Amino acid sequence: MDLSIFFTIGSAYLWILNLLSFFLYGLDKYRAIHNQWRIPERLLLLLAVLGGAFGALFAMRLFRHKTKKTKFKLLIPLLCLLWGVLLWRGL
C-alpha cells in the first residue's frame, strides 16, 4: 500500500483546518467590531485542537484578536508546539 496518499490527505486536512481557523478568527474580530453575533470561543479552540493551531496563532497576531484572553494566550501557542512536535515526529 502506498503511504503517500495518507501524507497528501493529512497535508490537505491541516491546510484546510488552518485556513478555516484563520478565516474564523478574522470573521470573529470583524463581528466583534461591528457588534454582531460572534463565533463561540469553544469552536475557535476546538479548531486549534484539531489541527488549526498555526492558523489561529497567525490570526491572533495579525488581527490582534483574543490576545488578552488568558486561555487563548496559553492554549494556542501550546497547541502550536504540540502540533509542531507531532508533525516533526511524523505523527
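Quick note: residue numbers are just sequence positions, from 1. Computation of the quantities below employed the complete heavy-atom set of this structure, encompassing side-chain atoms and omitting hydrogens, waters and symmetry-equivalent molecules. Predicted model, so just to flag it, every value in this text is computed and none were measured.
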Sequence neighbours left out, cut at 3.5 Å: what donor-acceptor pairs do the side chains of residues 53-65 make with other protein atoms?
from, atom 1, to, atom 2, distance (Å)
H65, NE2, D28, OD2, 2.7

Quiz item: Do you reckon L20 sits in the same ILVMFWY cluster as W15, going by side-chain contacts under 4.5 Å, direct or chained?
Solution: no

Practice problem: Apply side chain to side chain contact (heavy atoms under 4.5 Å, CB included) to L46 and list each qualifying residue two or more places apart in sequence or on a separate chain. | Solution: L50

Quiz prompt | L47-I39 co-clustered via ILVMFWY side chain contacts under 4.5 Å | solution = yes

Quiz item: Same cluster or not: are L79 and L86 linked, directly or through other Ile, Leu, Val, Met, Phe, Trp or Tyr residues, by side-chain heavy atoms under 4.5 angstrom apart?
Solution: yes

Quiz item: With side chains defined as the heavy atoms from C-beta onward, is the minimum distance between L45 and I76 less than 4.5 Å?
Solution: yes

Exercise. Please list, chain by chain and in numerical order, all residues satisfying side chain to side chain donor-acceptor pair (under 3.5 Å) with R31, sequence neighbours excluded.
Key: none

Quiz item: When clusters are formed by joining ILVMFWY residues with side-chain heavy atoms under 4.5 Å apart, either directly or through shared neighbours, do L17 and L78 land in the same one?
Solution: no

Practice problem: Could you list the residues that satisfy side chain to side chain donor-acceptor pair (under 3.5 Å) with N18, not counting sequence neighbours? | Solution: none

Quiz item: Going by the salt bridge (charged side-chain N to carboxylate O under 4.0 Å, His left out) test, which pairs reach into residues 40-49, not counting sequence neighbours?
Solution: E41-K66, E41-K69, E41-K71

Quiz prompt | Partners passing ring-ring contact (aromatic ring centres under 6.0 Å, His included) against F23 (at least two apart in sequence or in another chain) | solution = none

Exercise. Measure the spacing between CG of L27 and CZ of R38 and express it to the nearest 0.5 Å.
Key: 10.0 Å

Quiz item: Distance from L75 atom CG to C80 atom SG, nearest 0.5 Å?
Solution: 11.0 Å

Self-check item: Linked, directly or transitively: L14 and V49 (ILVMFWY side chains, under 4.5 Å)
Solution: yes

